[in-house]
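What follows is a single structure, written as structure tokens, with notes after it.
Throughout, a chain's letter reflects where its sequence line sits, starting with A, and its residues are numbered from 1. These numbers come from a predicted model, not from an experiment.
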There are 4 protein chains.
Amino acid sequence: MSARRRDSASTAAARAERRAELLATAAEVFASRGYAVTTVREVAEAAGMLGGSLYYHFDSKESMVDEILSAFLTEMWAAYDRVLASGLGSRETFQALVAESFRMIDRHRPAVMIYQNESRYLSTSPRFSYLLDSQERFRQMWLELLDRGVLDGTFRVGLDTGVIYRFLRDTVWVAAGWYRSGGRLTADEIARQYLTMILDGILST
Amino acid sequence: MSARRRDSASTAAARAERRAELLATAAEVFASRGYAVTTVREVAEAAGMLGGSLYYHFDSKESMVDEILSAFLTEMWAAYDRVLASGLGSRETFQALVAESFRMIDRHRPAVMIYQNESRYLSTSPRFSYLLDSQERFRQMWLELLDRGVLDGTFRVGLDTGVIYRFLRDTVWVAAGWYRSGGRLTADEIARQYLTMILDGILST
Amino acid sequence: MSARRRDSASTAAARAERRAELLATAAEVFASRGYAVTTVREVAEAAGMLGGSLYYHFDSKESMVDEILSAFLTEMWAAYDRVLASGLGSRETFQALVAESFRMIDRHRPAVMIYQNESRYLSTSPRFSYLLDSQERFRQMWLELLDRGVLDGTFRVGLDTGVIYRFLRDTVWVAAGWYRSGGRLTADEIARQYLTMILDGILST
Amino acid sequence: MSARRRDSASTAAARAERRAELLATAAEVFASRGYAVTTVREVAEAAGMLGGSLYYHFDSKESMVDEILSAFLTEMWAAYDRVLASGLGSRETFQALVAESFRMIDRHRPAVMIYQNESRYLSTSPRFSYLLDSQERFRQMWLELLDRGVLDGTFRVGLDTGVIYRFLRDTVWVAAGWYRSGGRLTADEIARQYLTMILDGILST
DNA sequence: AATGAATGAGCATTCATTCAT
DNA sequence: CATGAATGAATGCTCATTCAT
């Protein structure tokens, strides 16, 4: 590897790292203030630069969220797919998916918040049709799991799985709104509380 | 009542009715597209008029959401207070509050969605400080109920009521995002499914 | 004269009277707030009616000022012409013109203020070209008088009549800004003070 | 001084200069058309840019007049204060104040016109309360001078100083409406004409 | 005569985006 | 890489004006 190539390699790596830093900053701002009402200037200021300078790194404000969300969804589905491929029973799969979800919140809180809060708005653009695809896949995953669990006797008969799915879908992610990494509870502890509530109910037995 | 008085009464009533109609339209648009990104022109178009015409009826875009949200919150707290004042046990109170919430969703779906989705953004303005007040009251209501229920043996010991409250808070309202009045399920049926899930868990016993 | 004709006559008179009332009100509002920034609604409210109702009486906001100003200018020039036609000497003419001016302020304060403050703005429209004509005539009247007075030994030699005229032009009318009919000083007393200042100077002799 | 510091200094200076240019342009437009009826687009066009671009330099249309007027008033009072502090007699003070005023007109004609024409309108906003303060100070300055001059025998006994002050106040500034720097007469010559008129009167003696 | 509701053009202002330096 | 100045489309809002009642 020539010096020149090493230079260009390290430059490319440095550039990728800078992009990642900027995206992390942007994600934080988008998450805390809302994508639509956040100005490019605000993102830039949080990154210590002026508004126009961001355009050296990114095509547009839209391409920033795009990158944030697609990176997140890629990682999320990789995690879910690992769980689904591991051949666990309904209950264990349920627990593993919920645990994975809270780990995603732990590691990608801003992205999760953006996904949760801005999907509806962003989906109106064809560029973000993958958000709808992801939601549909998410729906099928949970519905199949719930149906399987009812059939194999894991889950209560008589559940309206369509309704339950909807509650699960939203509930899993809303924790991103209040969870703080390094706070009183770890992601796994929160997952445990959540699983107890959903699986066993909150009534004393 | 003289003709003059009847006239002025019917005029005032007609005016109030028109306002209510327009607010209902505005609420629907705000709810489906998001308050911040909805333009006044869009609201007006949905109401069959031009942008400027709305200002004959309302002071500002802000005053529209204000009216929508405060009317909703007033009614919501009236319903909650009725439940709280009726001296039910923890479990019955829990059930009644959840049922009331789903009835609110049934009758004020757009307002609930706006409350759920836009509170964070709106709260940055002092005009909407009552949203924070309401949230705080909501928090205390549920925490007290959960704590009471744990003490009197209704709810499972070992619950982190802080965590459970947060899930409840969000979960109750997200249904506004998908519930359709007149759909397959009534509000009461959805409440029942939800209560089963939360109180008894979804595991078969 | 038939009853019908008398009716229509009295109706026409009543209408003219109403117009005059409304114009007086409009003049007052235009004068105190400024024509451009006064809304039709404000004028209407001052007249005890709603914005749209004024359009039963007048074609437009513009036609209101038009009527106010042309009525005023007509009367003003009638007064000036009477003075000019009476064959007085330079000094007496000067005094009489100034006295007439202050009487105009006394009787048509709002119109004078509008004339003074809004001429520049209104003159940009061809409809108000008569304002420029009036100003030009005013200029010639004073310049001729000053020149005549210098020639006949009444006024000081060495005066730059162009400059003096400009001061006179503005000074005569600005009193409209603070004069209050029925206040401490009558219009004639103010005219006397003004004439002393201009004719004899304020230095003690 | 390092290159870096010189750069930043020249940048800041360039920026200040640009602001000053734009303010001068804005002042001219506000003065000639009237502040309220001048649109931001007109100011921008006069500066060779588009409406929105002005907001890179200024917060609002209001902040532009604010800056124009407060800069003018600061300089005006500095000049007046120099005169007042120099211990001249009544007559010389009078002459010096008038001369200073015409020099202000010479150097800040647009600002003087805005001050003269728009004060009433702007004063309705608390932001411009300093305009009223300045007017009040102006009033006291002249009244004290007139009173002093009457007492020490400089000015004619029997003058209604309240009335004379009002004429002076307006008269001094209206020249801004027609004075053209570089025209036939210098500011000092106009001041001389004005002083002759006011002090000695226009009658031949 | 007057009302009340609506129109539509125009305004101040914001903001994503561009680009010469 | 980043700046700073500018663009231009879009937004909330105002207001003279119209018109059916």
Side-chain angles (χ1 to χ4, degrees), chain A residues 11 14-15 18-19 22 35-44 47-64, chain B residues 7-8 11-12 14-15 18-19 22 36-44 47-64, chain C residues 11 14-15 18-19 22 35-44 47-64, chain D residues 7-8 11-12 14-15 18-19 22 36-44 47-64:
Chain A
T11 302
R15 167 173 280 197
R18 187 79 176 106
R19 276 180 79 87
L22 292 172
Y35 169 74
V37 303
T38 296
T39 71
V40 169
R41 255 180 164 80
E42 284 167 346
V43 173
M49 52 173 66
L50 293 180
S53 308
L54 273 179
Y55 286 81
Y56 177 81
H57 302 278
F58 302 98
D59 284 346
S60 65
K61 185 185 172 186
E62 218 181 27
S63 77
M64 291 186 230
Chain B
D7 272 10
S8 96
T11 302
R15 183 167 207 145
R18 187 77 176 107
R19 272 181 82 86
L22 293 172
V37 302
T38 296
T39 70
V40 169
R41 279 168 177 84
E42 283 167 348
V43 173
M49 51 172 65
L50 292 178
S53 308
L54 273 178
Y55 288 82
Y56 179 78
H57 301 278
F58 302 98
D59 283 345
S60 63
K61 183 185 171 187
E62 218 182 26
S63 77
M64 292 186 226
Chain C
T11 301
R15 167 174 279 201
R18 188 77 176 107
R19 276 180 79 87
L22 292 172
Y35 169 73
V37 303
T38 297
T39 70
V40 170
R41 255 182 164 80
E42 284 168 344
V43 173
M49 52 174 63
L50 293 180
S53 307
L54 272 180
Y55 286 80
Y56 178 81
H57 302 279
F58 302 98
D59 284 344
S60 64
K61 185 185 172 187
E62 217 181 28
S63 77
M64 290 185 230
Chain D
D7 272 10
S8 97
T11 304
R15 182 168 206 145
R18 187 74 174 110
R19 272 181 82 86
L22 293 172
V37 302
T38 296
T39 70
V40 169
R41 277 169 176 83
E42 283 167 347
V43 173
M49 51 171 65
L50 292 178
S53 308
L54 274 178
Y55 288 82
Y56 179 77
H57 302 277
F58 303 98
D59 283 346
S60 63
K61 183 185 171 187
E62 219 182 26
S63 77
M64 292 187 225

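Contact detail for V43(A) and M64(A): the closest heavy-atom pair is CG1-SD, 4.5 Å. Summarising the geometry of T38(A) relative to K61(A), their closest heavy-atom pair is O-NZ, 2.8 Å, with the distance given to 0.1 Å.
Environment of CZ in R41(C): sparse, with no more than 12 heavy atoms of neighbouring residues, nucleotides or ligands closer than 6.0 Å.
Between E62(C) atom CD and dA16(F) atom P there is a gap of 12 Å when expressed in whole angstrom units. Between the CG atom of D59(D) and the C1' atom of dA12(E) there is a distance of 13 Å, given to the nearest Å.
Within the nucleic acid shown, T38(A) comes within 4.0 Å of sugar-phosphate atoms alone, with no base atom in reach, counting heavy atoms only.
Here the side chain of K61(A) is nearest to one of dT17(E), dT17(F), dC11(E), namely dT17(E).
Applying the 4.0 Å criterion to OP1 and OP2 of dT18(F), one finds that Y55(C) has every side-chain N and O outside that range.
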Each base of DNA chain E marked ( ) or [ ] if paired in-strand (Watson-Crick or G-U under 3.5 Å), | if paired to another strand and . if unpaired gives .||||||||||||||||||||
Scan nucleotides 2-9 of chain F nucleotide by nucleotide, 5' to 3', and note B when protein non-hydrogen atoms come under 4.0 Å of the base, S if they reach only the sugar-phosphate, - if neither. SBBBSBB-
Only distances under 3.5 Å count here; give the side-chain donor-acceptor pairs of residues 50-59 of chain B to other protein atoms, sequence neighbours excluded, each with its distance to 0.1 Å.
from	atom 1	to	atom 2	distance (Å)
S53(B)	OG	L50(B)	O	3.4

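Using a 4.5 Å heavy-atom cutoff, the side chains of L22(D) and M49(D) are in contact.
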